[in-house]
S.K.: 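Sharing a structure below in structure tokens format, with a few things to ask.
In what follows, chains are A, B, ... by sequence order, proteins preceding strands, each numbered from 1. What you see below is based on every heavy atom in this structure, not just the backbone, and it leaves out hydrogens, waters and symmetry mates.
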There are 2 protein chains.
Amino acid sequence: MTIEARPTPAAQEAAPSEDPLALDRQVCFALAVASRNVIGLYRPALEPLGLTHPQYLVMLALWQHGGLSVKELGRLLQLDSGTLSPLVKRLTISGLVTKERSQDDERSVVVSLTPAGRALRQRAEAVPHEVVARLGLSQDQLITLHQALLPVLRAVEHATP
Amino acid sequence: MTIEARPTPAAQEAAPSEDPLALDRQVCFALAVASRNVIGLYRPALEPLGLTHPQYLVMLALWQHGGLSVKELGRLLQLDSGTLSPLVKRLTISGLVTKERSQDDERSVVVSLTPAGRALRQRAEAVPHEVVARLGLSQDQLITLHQALLPVLRAVEHATP
DNA sequence: TACCGTTAGGTTGTACGCAACTGAACCGTG
DNA sequence: CACGGTTCAGTTGCGTACAACCTAACGGTA
């Protein structure tokens, strides 16, 4: 996950050193820091709603799709039960969702929105705007980033485990 | 952090729905999933070295810069002492680094490589190649991603807290 | 020199994220 | 029907992340 040396390094913005393990060459480091820091920008926006960023993502999934099993949440958010179980439990304690075993498959647990959970959506609609404003990126830059991330998301799915 | 509706949505790859909170519009979600999953690809490559990805980043910083104080590590990796203190402690237990208080400022702790830590660098040089091979992305795609991430990293630094 | 605000690193508590495991429910086959 | 493999949630343990707090050391000023 390294930017390899190029014949014309002048074409690149951050001039890479000769060191193949230099931090500024590590795309994964940039990815990790960007992700951490942007999620950090969500914190002040989400705190008034009583949500963490992963909890916000679960709420987004539920607002979009209605009731979802833990398995479906895991597929949508790319998280396993070890992460989702306690997370959903906290959302339950917050009164935003309810859990009940599925009728037709007792193994499955369906997570559904409470009225409070549904009501929270209206306040959440301001969150993305607030974060973008804080970050100060243009729509074009966001779309460019999104477009650059899509191949990665696709690649990870087919990566050799 | 949402891809806004556009007059010509055909120009975008993943056709966005009308829902402004739809998951596939959330750039931050794509960023978080990409970061998590790519770090996951490092796991099997780093496990033989006895390193986690954050520990690997600390080692990269030390291989590049030599001895560093915890503060400098925090600045380079964008991590605070609450994360770095136990992390460096684990590297110390692994025998890869040593800690000693700075001579000229007793508050500061300098983290240095042990011979074992220096020796590990050679084995680490194969890691990026291995991850890129696993991921199956081209150099061009990596560079595109890196270029798209740089404005975000710059933006976060100047973001309104 | 004594004081006080600042800085560096560490600790505590909470919340992910994931590997590994557990137990219950499901399901195909004999 | 019985049984063995599979699937689904949940739990445990470990390693980040980060806020909040603590202590020691520093450094300028009266």
Side-chain angles (χ1 to χ4, degrees), chain A residues 28-29 32-44 46-47 50-59 68-75 77-94 97-111 156 161, chain B residues 28-29 32-44 46-47 49-59 68-75 77-94 97 99-111 156 161:
Chain A
C28 190
F29 170 58
V33 171
S35 175
R36 264 196 286 118
N37 288 351
V38 171
I39 288 175
L41 287 182
Y42 274 81
R43 221 177 304 275
L46 290 175
E47 201 216 321
L51 293 175
T52 64
H53 189 257
Q55 290 168 8
Y56 169 70
L57 294 180
V58 168
M59 296 303 287
L68 289 171
S69 69
V70 174
K71 175 186 168 65
E72 290 164 328
L73 276 173
R75 188 181 50 78
L77 305 180
Q78 308 260 301
L79 292 170
D80 73 351
S81 68
T83 301
L84 281 175
S85 279
L87 195 159
V88 169
K89 186 176 181 179
R90 283 185 279 273
L91 287 177
T92 305
I93 293 172
S94 300
V97 307
T98 56
K99 288 191 300 183
E100 54 179 344
R101 300 221 90 99
S102 167
Q103 302 293 344
D104 47 320
D105 187 345
E106 288 279 332
R107 293 170 302 177
S108 182
V109 169
V110 176
V111 182
V156 170
Chain B
C28 190
F29 170 58
V33 171
S35 174
R36 266 196 286 119
N37 288 351
V38 171
I39 288 176
L41 287 182
Y42 274 82
R43 218 177 306 276
L46 290 176
E47 201 216 322
L49 310 191
L51 293 175
T52 64
H53 188 258
Q55 289 168 9
Y56 169 70
L57 295 180
V58 168
M59 295 304 288
L68 289 170
S69 69
V70 174
K71 175 186 169 63
E72 289 163 329
L73 275 173
R75 188 180 49 78
L77 305 180
Q78 309 260 298
L79 291 169
D80 72 352
S81 69
T83 301
L84 281 175
S85 280
L87 195 160
V88 170
K89 186 175 181 180
R90 276 174 221 114
L91 288 178
T92 306
I93 293 172
S94 300
V97 306
K99 288 192 299 182
E100 54 180 345
R101 301 220 89 97
S102 167
Q103 303 293 343
D104 47 320
D105 187 345
E106 289 279 334
R107 294 170 301 177
S108 182
V109 169
V110 177
V111 182
V156 169

S.K.: Closer than 4.0 Å, any side-chain N/O of B/R101 to the OP1 or OP2 of D/dA25?
M.R.: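 So the side chain of B/R101 is outside the cut-off, no N or O lying under 4.0 Å from OP1 or OP2 of D/dA25.
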
S.K.: When the distance from CZ of B/R75 to P of C/dG9 is rounded to whole Å, what number comes out?
M.R.: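 Atom-to-atom, B/R75 to C/dG9, this comes out as 12 Å.
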
S.K.: Can you tell me which residue among B/V38, B/N37, B/I39, B/V33 is in a side-chain contact (heavy atoms from CB on, under 4.5 Å) with B/S35?
M.R.: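 Filter result, single survivor: B/I39.
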
S.K.: Just how far, in rounded Å, is P of D/dC14 from CG of B/L51?
M.R.: 19 Å

S.K.: Across the strands shown, which category fits B/L87 at heavy-atom distances under 4.0 angstrom: base, sugar-phosphate, nothing?
M.R.: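 If one applies the 4.0 Å heavy-atom cut-off, B/L87 turns out to touch the sugar-phosphate alone, with no base involved.
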
S.K.: Taking for each residue the nucleotide of DNA chain C bearing the nearest heavy atom, is the 5' side occupied by A/Q103 or by A/Q55?
M.R.: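 By nearest-heavy-atom nucleotide position, the 5'-most residue is A/Q55.
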
S.K.: Respond yes when some side-chain nitrogen or oxygen of A/S81 is under 4.0 Å from OP1 or OP2 of D/dG10, and no when none is.
M.R.: no

S.K.: If you look at every strand shown and take non-hydrogen atoms under 4.0 Å, does A/L79 touch a base, only sugar-phosphate, or nothing?
M.R.: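 Counting heavy atoms under 4.0 Å across all strands, the contact made by A/L79 is with sugar-phosphate only.
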
S.K.: So, is A/K89 close to the C/dA15 phosphate, meaning a side-chain N or O under 4.0 Å from OP1 or OP2?
M.R.: no

S.K.: Less than 4.0 angstrom between a side-chain N/O of A/Q78 and OP1 or OP2 of C/dG17, yes or no?
M.R.: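 For A/Q78, the contact criterion (side-chain N or O under 4.0 Å from OP1 or OP2 of C/dG17) is not met.
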
S.K.: Would you indicate, yes or no, if D/dT23 has its OP1 or OP2 atom less than 4.0 angstrom from a side-chain nitrogen or oxygen of B/R107?
M.R.: no

S.K.: Quick one: is D/dA9 close enough that its OP1 or OP2 comes under 4.0 Å of any side-chain N or O from A/S108?
M.R.: yes

S.K.: Check this one for me: any side-chain N or O of A/S85 less than 4.0 Å away from OP1 or OP2 of D/dG10?
M.R.: yes

S.K.: Mark yes or no for whether B/R36, through its side chain, and A/Q78, through its backbone, hold a donor-acceptor pair below 3.5 Å.
M.R.: yes

S.K.: C/dC16, OP1 or OP2 - any side-chain N/O from A/T52 closer than 4.0 Å?
M.R.: yes

S.K.: Between D/dT16, D/dG10, C/dG9, which nucleotide has the shortest distance from any of its atoms to the side chain of A/V109?
M.R.: D/dG10

S.K.: May I ask you to say what B/R43 touches in the nucleic acid, namely base, sugar-phosphate or nothing, with a heavy-atom cut-off under 4.0 Å?
M.R.: sugar-phosphate

S.K.: Between atom OG of A/S85 and atom CZ of A/R90, what is the distance when rounded to the nearest 0.5 Å?
M.R.: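 The CZ atom of A/R90 is 10.5 Å from OG of A/S85, to the nearest 0.5 Å.
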
S.K.: Please round to the nearest 0.5 Å and tell me the distance separating atom CG of B/L73 and atom OG of B/S81.
M.R.: 12.0 Å

S.K.: Over 60° means perpendicular and under 30° means parallel, so tell me whether B/H53 and B/Y42 are parallel, tilted or perpendicular.
M.R.: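 Aromatic pair B/H53/B/Y42 classed perpendicular.
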
